[in-house]
Colleague: 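The structure that follows is given in the form of structure tokens.
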Amino acid sequence: MASALTGSAKSTWASFLKSIASFNGDLASMTAPPFILSKTSLVEYSAYWTEHPKLFVAPAKEQDPEKRALLVLKWFLSTLKQQYSSRSEKLGSEKKPLNPFLGELFLGHWEDEEAGRTELISEQVSHHPPVTAYSIFNEKHGVKLQGYNGQKAGFASMTINVKQVGIARLRLEKWDEEYLITLPALHIEGLVYGSPFVELEKSTIIQSSSGFFAKIDYSGKGWVGGKSNSVSAELYDNKTGKLLYTISGQWTKELVVKKVKTEVERFEHGEKNPTTGLTIKPIEEQDPLESRRAWAKVGAAIDKGDYDETGIEKSKIENAQRNLRKKEKEEGTTWERRYFSAVDKVDDVDALVERAGKFMKGVLGITPFCMDEPAKTNGVWVFDTKKYEDVVSGRKAEEVRRAGETVLEATE
Ligand code: CLR
């Protein structure tokens, strides 16, 4: 394959590749050439979980626990395309997202005739290391997803390898059911050609409190002759160890659901399954901490292709943040996260981790994987309903206003 780049871009890219060869693992500190910069902040990526609100709420309507677990698996697999290939599809290649500042928010909701309103709250809860927490909920159907994630990266033989730390938790209120979801590892392909894209690897799991376990394996092109973006999932009954369903295919195209071995369904999640757009407030009505408002000037500079202005506007935010951290240190305070709190552990999650671990070891005979220590994400992040209610009711109006001023100074 020939390089997608020509002229000066080609040499800029070559020196970029050279620079990442000695890359320290901190994705945020990596300086990428202008044409690979995205004006979207990483705090926005939480929205990828729910671009199909119907699939998100579908499990809540199902009476049978086994089928519910299957619907959760189906929904999870349907999010992969948005999460990992939407930038490549829309922008021609993977891009380097803006590095969110501490406290940065991305707020919005999806309006869907059938599913109703699904709310999105995403907040940058840690800057070093970068960690994003989110809460996505649909009150009508009692479906709640919350989670947090960070990345650990390394560079080897012309690829960037990324391991995700953190978890997602889905709750079905009506059935008092909880699902623990772990996050896939990925790597960036196509770097040499100047057109990077994501491929998933290794495995993730979904463990439900109702006694169902799913193992999801990812592979790419050339992996035992396989196709790109391949996925193969198995849904088991925890108690009997019986394999119930398999779902396999390409996470960017079509997946086939089989009941033990007979095909029961085929679902297309390409063009025939359009996404629901997220509704967010117009920039001028947004809180100063909201991502699009805070980064508006940086975004405009990227749009203009003005690299100097991009740098200047970015520095304004970064410097203001540095000063804030300095001030907090002097005063012995910390940044008050608006919607999330860090805890040492969550008992429900620990129980699911233990259950999954036992099943993997005892029944499948494999070593449990993907369970991380909270240290890597500055704590275990949970959605704080009290904080949320304080914000919504206006009880925290003064704090909210003051927090906003800290970024306003830099961006207005
Ligand atoms: C963030 C959490 C989302 C899923 C997701 C998708 C793509 C990942 C992103 C996460 C983290 C940042 C990421 C990105 C792909 C490329 C980008 C690894 C895990 C890096 C920082 C950009 C590398 C720069 C090249 C394009 C040159 O739920």
Side-chain angles (χ1 to χ4, degrees), residues 3-5 9 12-21 23-51 76-100 104 106 120 122-126 129-136 145-155 158-169 181-202 204 218 229 251-252 291 370 372 376-377 381:
S3 169
L5 305 170
T12 322
W13 188 252
S15 49
F16 168 64
L17 290 183
K18 236 182 264 159
S19 79
I20 51 175
F23 168 64
N24 64 2
D26 179 6
L27 285 170
S29 74
M30 185 172 74
T31 27
F35 57 85
I36 213 76
L37 296 183
S38 152
K39 55 173 194 166
T40 306
S41 160
L42 208 50
V43 77
E44 289 203 20
Y45 285 33
S46 308
Y48 292 137
W49 284 106
T50 334
E51 295 198 308
F76 170 76
L77 294 173
S78 80
T79 68
L80 298 175
K81 181 179 140 107
Q82 304 307 319
Q83 299 259 23
Y84 303 105
S85 82
S86 57
R87 278 93 41 207
S88 290
E89 262 168 38
K90 287 181 194 134
L91 313 166
S93 86
E94 188 55 75
K95 300 267 173 173
K96 184 179 186 290
L98 291 170
N99 179 25
E104 185 174 328
F106 187 58
L120 166 76
S122 178
E123 176 169 3
Q124 193 68 13
V125 292
S126 171
V131 181
T132 310
Y134 52 85
S135 168
I136 299 173
L145 177 76
Q146 65 164 307
Y148 60 97
N149 51 272
Q151 298 87 37
K152 288 244 152 283
F155 184 80
M158 275 311 178
T159 48
I160 300 176
N161 295 304
V162 182
K163 186 178 170 301
Q164 296 197 70
V165 288
I167 48 159
R169 293 157 61 191
I181 304 167
T182 64
L183 310 167
L186 56 102
H187 63 266
I188 312 282
E189 289 187 17
L191 276 178
V192 240
Y193 309 111
S195 56
F197 62 93
V198 168
E199 182 60 279
L200 297 179
E201 58 180 51
K202 306 219 171 79
T204 60
Y218 308 91
N229 315 134
W251 50 263
T252 34
S291 187
C370 287
D372 290 295
K376 289 184 184 154
T377 51
W381 293 93

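Reckoned from all heavy atoms, side chains included, excluding hydrogens, waters and symmetry mates. Given the structure is predicted, the values throughout are model-derived calculations rather than measurements. Whatever order the structure lists them in is the order used to number ligands and atoms, beginning at 1.
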Colleague: Should Glu51 and Lys81 count as an ion pair when the cut-off is N to O under 4.0 Å?
Modeller: no
Colleague: Give, for atom NZ of Lys39 and atom OG of Ser291, the distance between the pair rounded to the nearest 0.5 Å.
Modeller: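 Here the interatomic distance stands at 11.5 Å.
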Colleague: Using only heavy-atom distances, determine whether the side chains of Ser88 and Glu94 contain a donor-acceptor pair under 3.5 Å.
Modeller: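 Absent: no donor and acceptor within the cut-off.
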Colleague: Using the ring of each side chain (for Trp, its six-membered ring), is Tyr84 parallel, tilted or perpendicular to Trp251, with breaks at 30° and 60°?
Modeller: perpendicular
Colleague: Is there any protein N/O under 3.5 Å from an N/O of ligand 1, and what does the full list of such pairs look like?
Modeller:
from: ligand 1; atom 1: 28 (O); to: Gln83; atom 2: OE1; distance (Å): 2.6

Colleague: Hey, what do you get for OH (Tyr218) to CG (Asn229), rounding to the nearest 0.5 Å?
Modeller: 12.0 Å
Colleague: Under a 4.5 Å cut-off applied to non-hydrogen side-chain atoms, are Asn99 and Leu42 in contact?
Modeller: no
